[in-house]
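First the structure, in the form of structure tokens, and then the observations on it.
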Protein chains: 2
Amino acid sequence: MKENGKVTIYDISKKLNISAATVSRALNNNPKISKKTRDLVFAAAKEMNYKQNRLAQALKSGKSKNVGIIVPYINRNFFSSIIRGIEEELGPHGYHVIICQTHEQMETEVEQINTLLNTQVDGIFMSISKSTTKTDHFKKVLDEGKSLIFFDRKLDVPGVSSVVIDDFKAGYLATEHLISQGCKNIAHFAGDLNLEIYKNRYEGYIKALKDHGFQPNPDYVVTTLSSVESGAAAVSKIWELNEKPDAIFSASDYTALGAIQELKRIGIRIPEDFCISGFSNEPFTKYMEMPITSVDQTPLRMGKIAAQVFLEQVDSPQKLTIEKKVVLAPELMVRNSSDRSLHKLAIH
Amino acid sequence: MKENGKVTIYDISKKLNISAATVSRALNNNPKISKKTRDLVFAAAKEMNYKQNRLAQALKSGKSKNVGIIVPYINRNFFSSIIRGIEEELGPHGYHVIICQTHEQMETEVEQINTLLNTQVDGIFMSISKSTTKTDHFKKVLDEGKSLIFFDRKLDVPGVSSVVIDDFKAGYLATEHLISQGCKNIAHFAGDLNLEIYKNRYEGYIKALKDHGFQPNPDYVVTTLSSVESGAAAVSKIWELNEKPDAIFSASDYTALGAIQELKRIGIRIPEDFCISGFSNEPFTKYMEMPITSVDQTPLRMGKIAAQVFLEQVDSPQKLTIEKKVVLAPELMVRNSSDRSLHKLAIH
DNA sequence: TTGTAAGCGTTATCAG
DNA sequence: CTGATAACGCTTACAA
């Protein structure tokens with residue numbers, strides 16, 4: 001029957017003694033085809049194990065029904081959850097998702113964008129790398145008439161849509177929460193302040209302090225890498241101060257964890273003496289013996305919404321002019337590391 | 001200059017007054033092209049911002065330079081790490097990876113395979129869903145002359161290559177380790193024994209017991225879901241036995257965590273009174289206050305090796321006959337939850 | 001060394 | 001309602 005899985009509409013047309021065009025129309029449920037031939041075609045297609053060649057379709061139509069997703073690393077919970085959200089939203093619409101990693105290198109990012117464009121994706125979703133400063137490669141995507149959507153980490157580029165969480169609000173909420181627990185000297189473990197997300201978290205922290213009558217203390221702000229070791233080191237650093245903090249709002253769950261470990265090591269009781277909040281709601285935060293308060297960025301939702309923004313754009317005729325900025329509300333997950341309500345009696 | 005990013009070799013050929021064929025050859029560094037025209041073509045291509053259309057290339061050559069990866073869920077650390085491994089190995093060879101999820105449904109798995117074949121991927125990597133029993137859809141892939149590679153969860157299908165870890169050995173190692181810590185009554189929290197991986201872990205556990213002179217006790221084997229709650233429930237169950245166990249080899253890190261929480265709740269000291277080992281080396285296991293012993297499945301390496309197997313096959317002319325079975329060695333990560341060496345003095 | 005022309009599998013246009 | 005034909009952008013015999 002089939003020689004090597006290469007059945008085309010042409011084969012069907014020969015078998016039925018009709019033209020390939022008719023077969024194509026029948027397969028696409030073109031209304032001008034008689035029910036009779038349509039049934040005939042479907043039957044033959046099934047029998048001959050025919051499969052549409054999406055490559056040919058794509059070449060003809062100019063739409064590949066593929067989208068690209070570029071992230072620093074695939075195997076970070078936050079990113080893989082976003083990818084999952086995009087896939088689940090776009091899959092039912094017939095799209096496939098192609099995944100690329102930048103390893104935080106701008107150079108790689110540029111390259112990935114180029115190969116994705118070569119491959120004729122219909123759009124690109126991405127979180128920019130930490131080292132990205134230029135924006136030429138983003139403009140190229142728009143020049144080709146494809147939509148570009150940033151999620152989480154973005155840069156302001158005209159014409160580019162974005163879906164992010166309100167990092168400012170997240171920083172504000174977390175800090176306010178610590179204040180509500182009675183903390184007076186709140187430190188902040190910040191990420192790279194050149195990245196918008198970290199800067200916003202920092203500014204939310206500052207604003208919350210001021211709004212509640214606290215004077216921000218620059219000594220209390222430590223820039224850290226997102227790692228356990230970095231968190232422990234940062235605690236050592238602030239512990240040298242005369243007036244020691246009694247809380248930390250950390251922009252990373254990993255540094256928060258490192259901080260907790262170090263604080264315990266030097267005999268500080270949490271949350272009685274010291275409260276702490278992380279950021280990202282990494283899976284491990286809720287599994288700890290002392291679950292860590294953290295900000296949930298709702299990555300699954302973020303992915304789904306990014307996908308919806310994309311769908312709106314491809315369906316729209318004047319797509320290039322659309323530029324949608326979605327800002328999602330973060331969710332503070334209060335857990336033992338900062339929840340004194342359970343310890344109130346013990347304190348006094 | 002460029003109207004809408006649609007520059008083709010034809011545009012270049014017109015501009016240079018040469019044929020499109022020559023342009024194509026020049027771009028592909030065909031040696032029969034004079035250096036002069038080659039340089040001219042490259043210069044013009046760059047100036048006109050020409051981009052190869054990989055779709056057209058793919059249609060012509062029959063190779064899309066895309067591969068599909070099908071997993072139950074993208075945002076599981078184990079799977080996303082494998083995907084990362086595949087991407088990093090295949091990227092430099094010009095391949096893109098397309099990702100699909102099955103949500104553990106065989107029906108979805110069949111569908112995903114079909115759409116991937118429609119889209120002309122050059123090969124498919126996958127971990128089968130829990131509910132998969134049939135193998136027709138796998139045969140279809142082979143019938144189309146594409147290579148199919150299973151990783152971790154597999155079924156035996158002639159012609160399909162696979163990369164897995166030695167789950168039997170992993171079960172054996174973990175159990176033997178618990179025995180070496182002095183445990184006498186070792187329970188096993190098993191996964192669905194219809195899946196090869198869980199059956200092998202179970203059998204490794206049984207074999208280790210026997211090899212060390214212990215009589216396996218069916219009451220000590222509890223089938224669990226991979227969840228924290230399920231782990232706690234399983235502990236309650238074995239705690240009803242007259243002769244209570246003094247160790248657990250759990251086929252999942254989540255059940256191991258649930259077990260630890262429940263054991264602590266009822267006042268059991270770990271590892272002094274009770275040792276426990278999980279499976280998968282989930283990130284949280286090492287971050288716990290009491291880090292959990294676990295089996296590392298080296299997913300990154302697994303992905304890279306799966307990719308290498310694929311590359312060998314596409315390069316080979318007789319690809320269909322090749323069937324490679326790779327079995328990787330697991331790594332037992334011994335941590336506090338089962339390490340009595342630090343507590344020896346305290347015990348006696 | 002370069003040009004001509006056919007073809008990869010579809011779909012759209014134009015006839016009939 | 002159906003057929004012929006061109007075209008999407010590229011590669012590759014076959015010629016020149």
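Numbers restart at 1 for each chain; the letters A, B, ... are given by sequence-line order, proteins then strands.
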- [ ] Would you check if there is a donor-acceptor pair between the side chains of Asn49(B) and Lys140(A) at a distance under 3.5 Å?
- [x] no
TODO: Going by the side-chain contact (heavy atoms from CB on, under 4.5 Å) test, name the single residue among Ile128(A), Val157(A), Asp156(A) that passes it with Thr135(A).
DONE: Val157(A)
Output the rounded distance in Å from [atom1] ([X]) to [atom2] ([N]).
X        : N       : atom1 : atom2 : result
Asn30(B) : dA13(D) : CG    : P     : 11 Å
Asp11(A) : dT10(C) : CG    : P     : 9 Å
Asn17(A) : dT2(D)  : CG    : P     : 14 Å
Asn29(A) : dC1(D)  : CG    : P     : 14 Å
Leu27(A) : dA12(C) : CG    : P     : 13 Å
Leu55(B) : dG9(D)  : CG    : C1'   : 9 Å
Asn28(A) : dT11(C) : CG    : P     : 5 Å

Counting any heavy atom closer than 4.0 Å, what does [X] reach on the DNA or RNA strands: base, sugar-phosphate only, or nothing?
X        : result
Lys35(A) : nothing
Thr8(A)  : sugar-phosphate
Thr37(A) : sugar-phosphate

Open item on the list: Donor-acceptor pair, distance only, cut-off 3.5 Å: does the side chain of Lys325(A) make one with the backbone of Val160(A)?
Closed with: yes
Open item on the list: Can a donor-acceptor pair be found, under 3.5 Å and without considering hydrogens, that links the side chain of Ser64(A) to the backbone of Ala58(A)?
Closed with: no
Quick one: is [X] getting a side-chain N or O under 4.0 Å of the [N] phosphate, OP1 or OP2?
X         : N       : value
Gln120(A) : dG9(D)  : no
Thr22(B)  : dT2(C)  : no
Tyr50(A)  : dT10(C) : yes

Give the nucleotide from the list [options] with an atom nearest to the side chain of [X].
X        : options                  : result
Arg25(B) : dG9(C), dT4(C), dT11(D)  : dT4(C)
Ser34(B) : dG3(C), dT10(C), dT1(C)  : dT1(C)
Ala21(A) : dT5(D), dC10(D), dG9(C)  : dT5(D)
Ile18(B) : dG9(D), dT10(C), dG3(C)  : dG3(C)
Gln57(A) : dT10(C), dG7(C), dG9(C)  : dT10(C)
Leu59(A) : dT11(C), dT11(D), dG9(D) : dG9(D)

TODO: Decide yes or no for Arg54(B) and Asn66(B): does some side-chain heavy atom of the first lie under 4.5 Å from some side-chain heavy atom of the second?
DONE: yes
Open item on the list: Using a distance-only criterion (donor-acceptor N/O pair, under 3.5 Å, no hydrogens), is the base of dT11(D) paired with the side chain of Lys60(B)?
Closed with: yes
